[in-house]
Amino acid sequence: MNEKKIITSKQKPKTATILPSEESKKVANTMWGGRFKDSPDVLMENINASIDFDQRLYIQDITASIAHCKMLVDQKILDTSAGKSIINGLKEIKNEIDKGSFEFKKSLEDIHLNIEGRLAEKIGDDAGRLHTARSRNDQVATDFKLWVRDAIDTLDEELKNFQTAILDQAEKNAGTIMPGFTHLQAAQPITVGHHLLAYVEMLGRDRGRLRDARARLNESPLGSAALAGTSFPINREQTARELGFDRPSANSMDAVSDRDFALEFLSTASITALHLSRLGEEIVIWCSAQFDFARLSDAFSTGSSIMPQKRNPDGAELVRGKSGRIIASLINLITVIKGLPMAYSKDLQEDKEPVFEAADSLSISIAVMTAMLKDMEFNVQNLKKAAESGFTTATDLADWMVRVLNIPFRKAHNIAGQMVSIAEEKGCRLDELSLAEMKAVEPKFTNDVFSVLGVEESVTSRNSFGGTAPQNVKNAIKKARERFL
Ligand code: ARG
């Protein structure tokens with residue numbers, strides 16, 4: 001067992017010794033420059049500083065510092081009065097940053113040292129006691145995990161709203177008929193509701209992946225210190241609990257160098273971005289004059305500065321385009337981490353920007369898609385007309401032969417193919433062929449065949465579980481609301 005080492009708070013000097021004054025800056029970095037004679041080259045300062053982007057971690061950094069400080073006091077590693085002044089100082093700093101009055105300094109590298117530097121300005125030397133039994137390595141891993149965990153929770157909520165918007169549209173269009181495509185060729189009639197529900201499933205899996213990532217992420221690195229743990233009698237269970245983690249991480253070296261949670265977040269974000277991009281692509285197609293399946297509201301269409309007739313779906317295109325950034329962020333961080341020896345290396349500082357970039361891009365993409373879809377109008381008549389062209393009930397015709405005439409499916413397929421070819425030559429739909437013309441191909445045909453050739457009959461008949469029939473869609477919407485909302 002470790003003997004408890006007690007650091008007592010001395011009298012507070014007015015100016016802290018680690019305060020980064022201009023004078024001391026010229027000599028060496030005030031936070032770690034004890035063994036240095038010279039200050040860092042300005043180039044070194046530029047490449048080393050992360051404050052421009054990691055200031056986004058300030059709430060997490062202060063929250064984790066307060067948890068750490070409370071634990072140090074409870075463990076009698078730090079005396080109560082120093083603990084109090086540290087915690088008060090940190091709370092004041094949070095207010096300053098909230099208000100925008102905090103001055104971020106590049107010379108102090110990152111958010112951790114900026115906050116500690118400011119704490120020293122405010123409370124003096126006791127500020128230097130906060131870093132007892134921790135390192136920036138476990139500190140940044142903890143902060144970043146807390147940030148990613150918040151981002152997961154926000155995204156989950158945003159995806160849920162998106163699912164709600166899709167479900168509402170699906171409900172409105174449960175019986176609206178459109179052509180279903182394979183190879184972007186009219187395949188079989190489907191319902192718009194059914195098509196939209198496909199995206200509700202995709203987003204449901206995305207949310208599941210976020211949940212999985214969150215569960216695996218939720219171990220606290222705090223207390224792993226630089227890499228090997230600490231000789232102070234800390235209580236990692238306490239800080240883990242205080243910060244909402246399920247438990248402390250089991251291995252200090254893993255904890256300070258693990259960024260799996262960021263990679264999992266980025267992989268999930270990439271898959272979600274693919275889903276949004278596919279929907280973006282469909283909206284672009286649907287809103288083209290050639291398809292004319294749907295119309296975006298004025299609020300989500302843009303005009304052309306030269307072609308007055310244009311209503312461009314820029315929002316959908318930008319969402320499709322943003323997927324590039326999000327996927328690039330995953331490739332970025334995967335590449336950074338490949339080949340890093342244990343434990344911490346400064347390469348890991350490059351972990352934040354791709355995650356912020358992906359989270360921001362995904363968040364605005366979801367918001368735009370949600371709003372766009374909410375007031376998108378489907379062109380019901382045009383969709384039906386499109387569903388009726390392209391011989392989309394040819395499968396129904398073959399199925400009818402199997403069911404009613406007991407013809408093996410392969411043969412029925414061939415007969416239906418011959419009928420499609422006749423209709424194509426005549427320039428008519430399948431249901432516009434006469435019974436005589438059909439009998440010429442297969443004498444067993446009866447008038448009953450016309451009961452399966454309409455697109456309405458076709459979609460209504462596809463009532464197998466997970467199929468497109470309007471009644472199925474209505475049931476599926478009800479179940480989806482229970483499953484996801
Ligand atoms: N700004 C650093 C980062 O984001 C914090 C950790 C620095 N650790 C160190 N050993 N220099 O990774």
Side-chain angles (χ1 to χ4, degrees), residues 18 20 28-36 39-41 43-65 68 90 93 97 102 104-119 127-128 130-151 217 220-230 239 243 249 252-263 265-266 329 332-359:
I18 60 166
N29 184 296
T30 48
M31 293 296 183
W32 43 251
R35 60 162 299 183
F36 291 83
S39 58
D41 189 280
L43 265 176
M44 187 56 215
E45 191 170 283
N46 281 340
I47 195 171
N48 206 24
S50 53
I51 189 60
D52 285 349
F53 52 85
D54 69 13
Q55 51 183 270
R56 282 182 76 164
L57 298 177
Y58 80 94
I59 294 178
Q60 290 75 15
D61 193 69
I62 288 173
T63 308
S65 284
H68 180 68
L90 288 170
I93 292 169
I97 304 179
F102 187 97
F104 292 106
K105 293 182 184 134
K106 210 172 193 170
S107 58
L108 288 177
E109 276 184 48
D110 58 22
I111 186 63
H112 324 294
L113 297 183
N114 266 270
I115 289 174
E116 195 185 319
R118 178 72 185 128
L119 188 63
L130 173 60
H131 215 51
T132 311
R134 81 170 183 190
S135 147
R136 270 189 295 161
N137 297 350
D138 59 338
Q139 190 178 357
V140 72
T142 306
D143 295 358
F144 197 29
K145 274 193 167 186
L146 291 174
W147 194 94
V148 172
R149 198 175 68 186
D150 285 349
L217 162 153
S220 172
L222 197 59
S224 299
L227 75 164
T230 174
T239 46
L243 295 171
S249 52
S252 61
M253 294 187 63
D254 174 45
V256 293
S257 59
D258 161 46
R259 295 294 183 271
D260 290 2
F261 62 96
L263 293 178
F265 175 78
L266 290 172
S329 300
N332 176 344
L333 189 57
I334 275 193
T335 314
V336 166
I337 289 169
K338 179 191 171 299
L340 286 191
M342 290 250 271
Y344 178 88
S345 300
K346 199 60 176 265
D347 315 45
L348 289 174
Q349 181 166 280
E350 295 288 318
D351 60 357
K352 288 161 209 75
E353 285 167 294
V355 169
F356 294 156
E357 163 113 49

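Remember, it's 1-based here, ligands and their atoms both numbered in the order they're listed. The structure presented is a predicted model; accordingly, all values stated were derived computationally and were not measured.
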- Contacts of Phe104 meeting ring-ring contact (aromatic ring centres under 6.0 Å, His included) (sequence neighbours excluded), chain-then-number -> Phe102
- Message: Donor-acceptor pair, distance only, cut-off 3.5 Å: does the side chain of Ser220 make one with the backbone of Leu222?
- Response: yes
- Query: Do NZ/NE/NH1/NH2 and the carboxylate oxygens of Arg136 and Glu109 come within less than 4.0 Å?
  - Reply: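 Answer for the salt bridge query: yes.
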- Query: Side chains of Gln349 and Ser50: is there a donor and an acceptor less than 3.5 Å apart?
  - Reply: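 Their side chains do contain a donor-acceptor pair, which is all the 3.5 Å distance test asks for.
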- Residues in side-chain contact (heavy atoms from CB on, under 4.5 Å) contact with Lys338, at least two apart in sequence or another chain: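 Lys338 satisfies side-chain contact (heavy atoms from CB on, under 4.5 Å) with no residue once adjacent residues are dropped.
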- Can you name the residues that form a side-chain contact (heavy atoms from CB on, under 4.5 Å) with Asp143, not counting sequence neighbours? Leu57, Gln60, Asp61, Ala64, His112, Gln139
For ligand 1, output the ligand-protein N/O contacts shorter than 3.5 angstrom; if there are none, return none.
unit_1, atom_1, unit_2, atom_2, d
ligand 1, 1 (N), Asp110, OD2, 2.8
ligand 1, 1 (N), Gln349, OE1, 2.7
ligand 1, 4 (O), Lys352, NZ, 2.5
ligand 1, 8 (N), Asn137, OD1, 2.8
ligand 1, 10 (N), Asn137, OD1, 3.0
ligand 1, 12 (O), Tyr344, OH, 2.4

